[in-house]
Amino acid sequence: MTTTPPKKASAAVQARRVLVLNSGSSSVKYQLLDMNDRSRLAIGLVERIGETTSRLLHTPLTGGDAETRERTGRIADHAAALKAAAEELAADGLGLDSPELAAIGHRVVHGGLRFTEPTVVTDEVLKEIERLVPVAPLHNPANITGIRTAQAMRPDLPQVAVFDTAFHTTMPEYAARYAIDVETADAHRIRRYGFHGTSHAYVSRKAAELLGRTPEEVNVIVLHLGNGASASAVAGGRCVETSMGLTPLEGLVMGTRSGDIDPAVTFHLKRVAGMSTDEIDVLLNKKSGLVGLCGDNDMREIRRRIDEGDERAALAFDIYVHRLKKYIGAYSAVLGRVDAVVFTAGVGENSAPVREAAIAGLEELGLVVDAGLNAVRSGEPRLISPNYARVAVAVVPTDEELEIADQTFALVGRAESAGQEMPVGQVDN
Ligand code: AMP
């Protein structure tokens with residue numbers, strides 16, 4: 001193990017760029033932000049890492065026209081992916097060796113109970129993220145690889161982990177615990193953690209802003225409806241309930257995941273259908289939800305089929321919306337008073353029919369959608385409820401990368417103002 005001696009954070013803080021990395025099992029998404037005005041300098045994606053058909057898409061955003069460059073051909077691993085991204089950034093005069101780079105912020109999916117805040121990565125922090133691999137086998141290993149690769153590239157720089165689970169660690173114990181044997185649950189760290197936390201945090205704060213209030217003053221229900229989907233109940237800026245659980249499988253109907261089902265379905269599939277645990281895992285995570293119900297997981301395609309009279313697509317849509325309504329009702333009860341219901345992510349931001357259908361019939365809860373406002377297409381946060389509605393209904397585009405950059409930069413800045421030394425570049429060989 002080599003550990004670079006800590007350096008004073010002051011040197012880092014004069015630098016005002018943050019690189020955000022979102023490392024998946026076979027992809028890396030990156031964005032370079034200028035924290036002077038929180039603008040994007042470049043965005044990019046490396047996909048199909050390890051395959052012969054790897055592809056890098058890079059878009060510099062500093063010039064006039066944003067023109068995407070493409071590289072194809074095998075990119076062997078995450079280290080090669082980050083190297084290729086760094087070369088593209090360097091070609092735009094944005095090289096990662098720049099002294100202007102303050103920190104690298106990493107999306108880390110599972111932070112368990114330990115990580116309630118963004119955290120500067122040390123050897124010990126990496127070990128803890130590794131210890132959580134059994135509860136996030138698909139995500140945490142890729143996140144760890146991304147961090148190690150970035151450390152090797154800039155060992156002098158603070159690496160900050162921003163956890164998808166962190167926002168949900170404020171959930172009360174009675175919401176987080178499953179009603180199963182306590183010893184078994186604790187021995188295996190089985191509880192509800194929740195995911196998409198970065199998005200729920202950002203969107204609930206933005207919704208308060210839209211209402212002209214502080215986050216502490218409002219209670220909101222956030223519906224993050226992307227290919228993965230989750231709901232959260234946020235009271236006074238703190239998450240009190242969320243729909244995903246030990247894993248992202250629980251809760252809403254998603255693109256390819258079932259969401260809530262009777263757990264006995266899994267025993268049944270094993271005992272009666274003779275399926276293996278891995279087959280059941282694939283069935284519920286990859287072949288269920290909208291795709292399982294109708295063969296498509298893209299809401300645009302489902303709406304097109306419904307317009308053509310396709311009954312399977314119509315039933316899939318109805319099941320999706322019914323589950324949403326149940327969660328809106330349940331979270332209204334959990335919160336007691338609701339100030340806003342907020343839609344976000346791919347489906348939530350773009351699908352007016354989903355928003356309309358999910359809110360239809362909920363007048364008794366104070367919820368109404370204005371058809372004209374709902375039909376407006378915009379990239380801005382906006383209200384879609386009429387002025388007279390007791391509860392606001394809003395659309396707030398999510399921005400997880402900006403939230404990660406903000407949290408990363410704030411952490412580096414806080415360390416600076418406290419005169420602390422920032423652990424940097426600890427590489428575990
Ligand atoms: P996300 O995971 O947030 O990127 O969301 C991806 C999903 O958003 C896709 O699978 C689509 O179902 C949905 N989506 C994206 N654009 C639209 C659109 N214009 N109308 C309806 N759904 C959309």
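Ligands are counted one by one from 1 in listed order, and the atoms in each one are counted from 1 as well.
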Trainee: Checking a contact table here: which protein heavy atom is nearest atom 14 (N) of ligand 1, and how many Å away?
Mentor: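 Sorting protein heavy atoms by distance from atom 14 (N) of ligand 1 puts G346 O, 3.6 Å first.
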
Trainee: Provide, to 0.1 Å, the distance between atom 12 (O) of ligand 1 and the closest protein heavy atom, together with that atom's residue and name.
Mentor: M299 N, 2.8 Å

Trainee: For atom 22 (N) of ligand 1, state whether the nearest protein heavy atom is under 4.0 Å away.
Mentor: yes

Trainee: Numbering the atoms of ligand 1 from 1, which are under 4.0 Å from a heavy atom of N297?
Mentor: 10 (O), 12 (O)

Trainee: Step through it carefully: locate the ring centre of H168, locate the ring centre of H200, and say whether they are under 6.0 Å apart.
Mentor: yes

Trainee: For ligand 1, which atoms, with element, lie under 4.0 Å from some heavy atom of N227?
Mentor: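 Listed by number with element, the hits are 1 (P), 2 (O), 5 (O), 6 (C).
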
Trainee: Run the ring-ring contact (aromatic ring centres under 6.0 Å, His included) test against Y327 and tell me which residues pass, sequence neighbours left out.
Mentor: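 Partners of Y327 under the ring-ring contact (aromatic ring centres under 6.0 Å, His included) test: Y331.
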
Trainee: Considering only non-hydrogen protein atoms, determine which one is nearest to atom 11 (C) of ligand 1 and report residue, atom name and distance to 0.1 Å.
Mentor: D298 OD1, 3.5 Å

Trainee: Check for me whether R303 meets the cation-pi criterion with F317, that is, NZ or CZ under 6.0 Å from the six-membered ring centre and within 45 degrees of the ring axis.
Mentor: yes

Trainee: Regarding K127 and E124, does a basic nitrogen lie under 4.0 Å from an acidic carboxylate oxygen?
Mentor: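 So K127 does not pair with E124 through a salt bridge.
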
Trainee: Pick whichever of H224, R300, R377, M254 has a heavy atom sitting closest to atom 15 (C) of ligand 1.
Mentor: R300

Trainee: Of all the atoms in ligand 1, which lie at a distance below 4.0 Å from a heavy atom belonging to G226?
Mentor: 1 (P), 2 (O), 3 (O), 5 (O)

Trainee: Need the ligand 1 atom indices (1-based, order shown) with element for anything under 4.0 Å from a heavy-atom of V347.
Mentor: 8 (O), 12 (O), 13 (C)

Trainee: I'd like to know if D339 and R337 make a salt bridge, using a cut-off of under 4.0 Å between side-chain N and carboxylate O.
Mentor: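 Yes.
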
Trainee: Run the ring-ring contact (aromatic ring centres under 6.0 Å, His included) test against F195 and tell me which residues pass, sequence neighbours left out.
Mentor: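 Counting only residues at least two positions away or on another chain, F195 forms a ring-ring contact (aromatic ring centres under 6.0 Å, His included) with H110.
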
Trainee: Nearest protein heavy-atom contact for atom 18 (C) of ligand 1: which residue, which atom, what distance?
Mentor: N350 CB, 3.2 Å

Trainee: Over all heavy atoms of both residues, which pair between V18 and A405 is shortest? Give the atoms and the distance, please.
Mentor: CG1-CA, 4.0 Å

